[in-house]
Amino acid sequence: MSYICLIANQNGVAAAGDSRLTIQPEALHLHLDRGRKVFSDQDQGLVWACCGLTIFGGVNYYRLTDHILRQKNRSLASRLNQISGVLSKATAAQHFLSRKPSVFTLLLGQVKDGAVAVHVLDIVSGEARRRVLTGPVMVQAGWDPSLRQSKPAVSEFENDTLGQLIDRVKKRSLWAIRKDSELARQDKKHSQTVGGSVRVAYVAVPKP
């Protein structure tokens, strides 16, 4: 699985993540370092990042999520409902076949009418949980909590410029990659599932 994070304040939203895709079964230690998990649609004021279940049954769920979220003729709520339904079925099926937890997480920042909202969709083996956060907020996801730095206090980033937000998410992603590499050096059986280059996406809050 990956590391992704998203930070939002009154100046905009920035998201970042690694680019490693792990080929199942994980024990084979086979990876592709050209995955895209972070996206934006400037016209809609959306930024999002995905991690977890990538390809299953011949379907790339990151690309499918990207396709659904770019359907501007539909409400965001209906698109998120569709993603939740599709991924609930897919993670339930993978869990049934593998007998291991199957996870998918979507972090989505929305800039609308000069305000920012962050939607978090967590799906574990068919069970979906959604929440919406407002105000300055930082969220992160990934399979291993040890690859996540502690969250900064809101006061540390609430007045950041968009450029500073971008720098923050990039540095946190680089830290996760370095940490996973360190774990792999310490334990040869450790599958380094966070790696490759860091990808970043962002959207600004329009100034009046």
Side-chain angles (χ1 to χ4, degrees), residues 1-17 21 35-95 102-142 151 154 157-158 160 162 165-166 168-169 199-208:
M1 198 169 166
S2 320
Y3 172 82
I4 56 173
C5 64
L6 182 149
I7 305 181
N9 67 11
Q10 76 275 8
N11 292 315
V13 185
L21 301 179
R36 185 159 196 92
K37 308 166 187 179
V38 183
F39 309 83
S40 68
D41 188 319
Q42 298 294 320
D43 292 340
Q44 296 188 78
L46 298 180
V47 175
W48 64 93
C50 309
C51 71
L53 179 65
T54 310
I55 300 173
F56 177 68
V59 178
N60 184 314
Y61 287 98
Y62 293 175
R63 291 180 183 172
L64 180 59
T65 297
D66 178 64
H67 173 72
I68 293 171
L69 286 173
R70 293 187 191 278
Q71 296 174 2
K72 303 175 185 179
N73 60 328
R74 302 171 53 195
S75 70
L76 182 59
S78 70
R79 286 175 278 171
L80 290 174
N81 284 338
Q82 182 181 358
I83 293 168
S84 180
V86 168
L87 267 300
S88 291
K89 291 178 181 177
T91 56
Q94 189 189 49
H95 172 63
S102 178
V103 179
F104 179 87
T105 297
L106 170 66
L107 309 178
L108 182 143
Q110 179 185 29
V111 173
K112 185 177 181 181
D113 300 327
V116 171
V118 174
H119 302 257
V120 180
L121 172 61
D122 284 308
I123 304 174
V124 180
S125 304
E127 297 294 325
R129 183 170 65 97
R130 288 168 58 178
R131 54 198 169 110
V132 180
L133 310 172
T134 58
V137 63
M138 183 265 179
V139 286
Q140 58 186 342
K151 290 184 180 181
V154 171
F157 64 85
E158 62 182 342
D160 277 1
L162 181 57
L165 294 181
I166 292 169
R168 281 185 185 275
V169 293
R199 296 184 183 270
V200 177
Y202 56 87
V203 64
V205 173
K207 299 303 179 184

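These numbers were taken from a predicted model, which means no experiment stands behind them. The first residue in the sequence is number 1, and the count goes up from there. Basis for what follows: all heavy atoms, side chains included, without hydrogens, waters or symmetry-related copies.
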TODO: Please test D41 against W48 for side chain to side chain contact (heavy atoms under 4.5 Å, CB included), starting from the C-alpha separation and ending with a verdict.
DONE: CA-CA 9 Å; D41 188 319; W48 64 93; 4.1 Å; yes
Do you know the tightest heavy-atom contact between [X] and [Y]?
| X | Y | result |
| --- | --- | --- |
| N9 | V116 | O-CG2, 3.4 Å |
| T65 | C50 | CG2-SG, 4.0 Å |
| Q140 | L107 | CA-CD1, 4.2 Å |
| A15 | V38 | O-CG1, 3.6 Å |
| F56 | A93 | CE2-CB, 3.8 Å |
| V13 | L162 | O-CD1, 3.9 Å |

So [Y] and [X], do their side chains get closer than 4.5 Å, heavy atoms only?
| X | Y | answer |
| --- | --- | --- |
| R168 | M138 | no |
| L64 | L87 | no |
| H119 | L76 | yes |
| D66 | R36 | no |
| Q44 | L69 | no |

- [ ] Go through N11 and V205 one step at a time and tell me if the side chain to side chain contact (heavy atoms under 4.5 Å, CB included) criterion holds.
- [x] CA-CA 5 Å; N11 292 315; V205 173; 5.7 Å; no
- [ ] Look at the aromatic rings of F104 and Y62 and report parallel, tilted or perpendicular, splitting at 30° and 60°.
- [x] tilted
- [ ] Let me see the working for L6 and I4 under side chain to side chain contact (heavy atoms under 4.5 Å, CB included), right down to the final yes or no.
- [x] CA-CA 7 Å; L6 182 149; I4 56 173; over 6 Å; no
